[in-house]
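Below: the structure, in structure tokens.
Residue numbers begin at 1 in each chain, while the letters A, B, ... track the order of the sequences. Keep in mind that what you see is a predicted model, and the values were worked out from it rather than measured.
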There are 2 protein chains.
Amino acid sequence: MAQYDTVDRILDAAEELFADRGFSETSLRMITSKAKVNLAAVNYHFGSKNALIHAVFARFLTPFSATLENAFDDLEARCDGAPPTLNQTLWALTESAVRMPQRNEKGISIFMRLLGLAYTQSQGHLRKFLEQEYSQPFSRFMRLLKEATPQLSSVDRYWRIQFMLGATAFTMSSSDALRDILQNKLGVETTVQEIAARLVPFLAAGMQAEDAMLVPPAHKSSVA
Amino acid sequence: MAQYDTVDRILDAAEELFADRGFSETSLRMITSKAKVNLAAVNYHFGSKNALIHAVFARFLTPFSATLENAFDDLEARCDGAPPTLNQTLWALTESAVRMPQRNEKGISIFMRLLGLAYTQSQGHLRKFLEQEYSQPFSRFMRLLKEATPQLSSVDRYWRIQFMLGATAFTMSSSDALRDILQNKLGVETTVQEIAARLVPFLAAGMQAEDAMLVPPAHKSSVA
DNA sequence: TTGCCGGTCAAACGTATGTTTCAAACAGAC
DNA sequence: GTCTGTTTGAAACATACGTTTGACCGGCAA
């Protein structure tokens with residue numbers, strides 16, 4: 001009993017501190033003192049700081065990837081053989097994320113920020129862990145994207161997927177700070193759901209942009 | 001003479017290492033040994049590690065913001081009172097970046113990654129430094145964006161600008177790795193200019209997307 | 001009661017970090 | 001050549017980190 005309490009308290013504290021400050025910038029001493037457990041508890045229960053980072057991700061990502069697979073199953077069943085549209089695919093992803101059971105009110109936004117950091121901070125071990133642990137839903141998502149944008153060349157699609165990833169990871173990774181700025185400047189409250197609702201149309205439109213490729217500066221004007 | 005050599009060697013090494021590994025993950029010893037200078041040289045010439053980080057940014061950003069202001073001047077002069085279009089504004093920015101005199105072949109992509117890190121790694125001192133040092137060209141760019149997208153609400157525009165920033169910083173920041181992958185998988189060579197040429201249409205389309213806001217999942221289909 | 005074992009705790013370990021020190025080397029002016 | 005201020009160099013500084021240790025506690029089976 002008591003030990004699960006300790007384990008979860010560590011995970012909760014670590015999740016929040018990592019999201020606030022990054023991985024390298026968060027020490028085990030900060031985590032254990034926030035969690036009100038002994039310093040040695042982390043290495044006792046998890047083995048190392050890196051393993052703790054993995055555990056923080058696994059606690060969210062394992063149920064999420066199951067939810068996501070179900071959402072893709074449903075989507076493909078509903079489409080009855082025809083490939084799902086881009087919008088449908090993107091919504092399946094964001095809905096799965098938003099509908100995850102949340103530990104607290106910050107829940108999803110904390111985790112989005114963590115995913116952004118995972119991509120940004122080049123923590124080799126983390127990337128390796130995520131790739132070999134969750135490659136299946138990732139590949140499936142990529143396949144759906146490909147089938148939803150048959151008009152794109154492989155190269156175009158490749159780059160535009162990177163653009164989508166970037167907009168998402170980057171926005172989510174700084175979403176707390178951005179929300180604060182927005183609230184101070186414009187006095188508007190914003191939830192992760194609302195950000196997602198703004199992000200998806202942006203991504204879909206960019207993904208399906210007319211290809212003005214290799215048209216250099218065009219010193220006059222040329223809005224699509 | 002000799003001291004400028006030292007200063008520049010430190011800046012070069014720091015720039016590359018910061019871009020590769022992040023700020024906290026790069027120690028002064030890594031920097032000085034890569035630069036082949038004495039450890040104490042950093043604190044002697046710059047005062048502190050944080051001041052070195054600022055100097056790395058200033059070395060690129062100061063001439064860049066001058067170039068950018070000129071590009072905006074030209075653009076507004078050419079438009080003769082009418083507000084420049086979104087495409088023109090984005091091209092002015094990317095052209096200024098691409099045309100910057102580059103210290104080496106990696107040049108611009110290294111710096112894009114640094115800008116991404118500056119936003120992501122919550123190094124308070126860095127954000128403060130950038131904000132108070134380069135607020136003018138930044139505000140001007142924001143104003144141009146606003147005039148180029150009068151149909152957007154302030155909140156929509158705010159978020160879409162974040163999405164653009166994210167797609168750009170993220171893509172450019174990992175463009176070396178991405179280019180390698182692309183070359184291996186598809187046998188295609190890619191330059192930063194070509195990436196920019198793909199990115200701008202994507203951003204412009206996303207920025208001008210029809211606002212499907214707050215239209216939830218829409219279980220059927222709804223590609224614009 | 002005894003013995004054990006998972007869990008906690010304070011303390012220490014070794015290492016790496018940013019920064020400082022101070023003597024030596026150097027350059028240019030007189 | 002000598003002096004003066006600047007730049008380098010090797011070494012040390014204090015501090016923070018992740019990790020390990022060994023004593024200690026509490027419940028439970030024998």
Side-chain angles (χ1 to χ4, degrees), chain A residues 1-59 114 117-118 121-126 128-129, chain B residues 1-59 114 117-118 121-126 128-129:
Chain A
M1 313 273 140
Q3 74 275 24
Y4 285 108
D5 200 49
T6 299
V7 166
D8 279 337
R9 288 234 298 285
I10 292 175
L11 286 173
D12 288 339
E15 186 176 281
E16 200 166 327
L17 285 171
F18 285 152
D20 275 0
R21 323 171 29 90
F23 303 110
S24 310
E25 293 83 356
T26 302
S27 72
L28 292 185
R29 285 169 174 82
M30 293 178 198
I31 294 171
T32 54
S33 84
K34 180 184 178 89
K36 294 198 178 74
V37 302
N38 188 272
L39 169 62
V42 169
N43 282 280
Y44 177 77
H45 287 289
F46 296 95
S48 71
K49 182 181 181 180
N50 280 353
L52 169 62
I53 296 176
H54 297 173
V56 167
F57 277 84
R59 183 168 68 151
L114 286 182
L117 289 180
Q121 315 215 163
S122 49
Q123 301 261 7
H125 68 97
L126 220 192
K128 208 167 293 174
F129 170 77
Chain B
M1 312 264 141
Q3 74 273 25
Y4 284 110
D5 200 49
T6 299
V7 165
D8 280 337
R9 289 233 301 283
I10 292 175
L11 286 173
D12 288 339
E15 182 176 284
E16 201 166 327
L17 285 171
F18 286 153
D20 276 0
R21 324 172 27 91
F23 304 111
S24 311
E25 295 82 355
T26 302
S27 72
L28 292 184
R29 284 169 176 81
M30 293 178 198
I31 294 170
T32 53
S33 84
K34 180 184 178 88
K36 294 199 179 73
V37 303
N38 188 271
L39 170 61
V42 169
N43 283 280
Y44 176 77
H45 288 288
F46 298 94
S48 70
K49 182 181 180 180
N50 281 352
L52 169 61
I53 297 177
H54 297 173
V56 167
F57 277 83
R59 182 171 64 152
L114 285 182
L117 288 181
Q121 314 216 157
S122 49
Q123 301 259 12
H125 68 97
L126 221 191
K128 207 166 295 177
F129 171 77

With respect to the side chain of [X], which nucleotide from [options] is positioned closest?
| X | options | result |
| --- | --- | --- |
| B:Leu39 | C:dT19, C:dA11, D:dC17 | C:dT19 |
| A:Lys49 | C:dT8, C:dT17, D:dG18 | D:dG18 |
| B:Asn43 | D:dT20, C:dT20, D:dC17 | C:dT20 |
| A:Ser48 | C:dT19, D:dT19, D:dT7 | D:dT19 |

Are [X] and [Y] side-chain neighbours, meaning at least one heavy-atom pair lies under 4.5 Å?
| X | Y | value |
| --- | --- | --- |
| B:Ile53 | B:Phe23 | yes |
| B:Ile31 | B:Leu52 | yes |
| A:Leu39 | A:Arg29 | yes |
| B:Asp5 | B:Val37 | no |

Would you kindly give the [atom1]-to-[atom2] distance between [X] and [N], to the nearest whole Å?
| X | N | atom1 | atom2 | answer |
| --- | --- | --- | --- | --- |
| B:Asn38 | C:dT21 | CG | P | 16 Å |
| B:Leu28 | D:dA11 | CG | P | 19 Å |
| A:Asp8 | C:dG7 | CG | P | 13 Å |
| B:Met30 | C:dG18 | CE | C1' | 13 Å |
| B:Tyr44 | D:dA10 | OH | C1' | 17 Å |
| A:Ile31 | D:dC17 | CD1 | P | 11 Å |
| B:Leu17 | C:dG18 | CG | P | 12 Å |
| B:Leu52 | C:dT17 | CG | P | 15 Å |

Problem set entry | Divergence of helical axes at both termini of the helix from C:dT1-D:dA30 to C:dC30-D:dG1 - five pairs an end, 10° steps | 20°
Exercise. With sugar-phosphate meaning primed atoms plus P, OP1 and OP2, does A:Ala41 contact a base, only sugar-phosphate, or nothing at under 4.0 Å between heavy atoms?
Worked result: nothing
Exercise. Across the strands shown, which category fits A:Thr32 at heavy-atom distances under 4.0 angstrom: base, sugar-phosphate, nothing?
Worked result: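 Answer is nothing: A:Thr32 stays at 4.0 Å or more from every strand.
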Problem set entry | Pairwise distance CG(B:Asp20) to CE(B:Met30) - rounded to 0.5 angstrom | 11.0 Å
For this session: Report the distance from atom CG of A:Asp8 to atom NE2 of A:His45, rounding to the nearest 0.5 Å.
Result: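 The NE2 atom of A:His45 is 10.5 Å from CG of A:Asp8, to the nearest 0.5 Å.
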Exercise. Does A:Ala35 offer a backbone N or O that forms a donor-acceptor pair with the side chain of A:Arg9 under 3.5 Å?
Worked result: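 Pair found, side chain donor or acceptor close to backbone of A:Ala35.
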For this session: Please tell me which of A:Arg29 and A:Val37 maps to the more 5' nucleotide of DNA chain C, matching each residue to the nucleotide holding its nearest heavy atom.
Result: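 The answer here is A:Val37.
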For this session: State whether A:Arg59 and A:Asp12 are salt-bridged, where the test is any N-O pair (Lys NZ or Arg NE/NH1/NH2 against Asp/Glu carboxylate O) under 4.0 Å.
Result: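 Salt bridge flag = yes for A:Asp12 with A:Arg59.
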Give a yes/no answer on whether the side chain of [X] brings an N or O atom under 4.0 Å of OP1 or OP2 in [N].
| X | N | result |
| --- | --- | --- |
| B:Thr6 | D:dT8 | yes |
| A:His45 | C:dT8 | yes |
| A:Ser27 | D:dA16 | no |

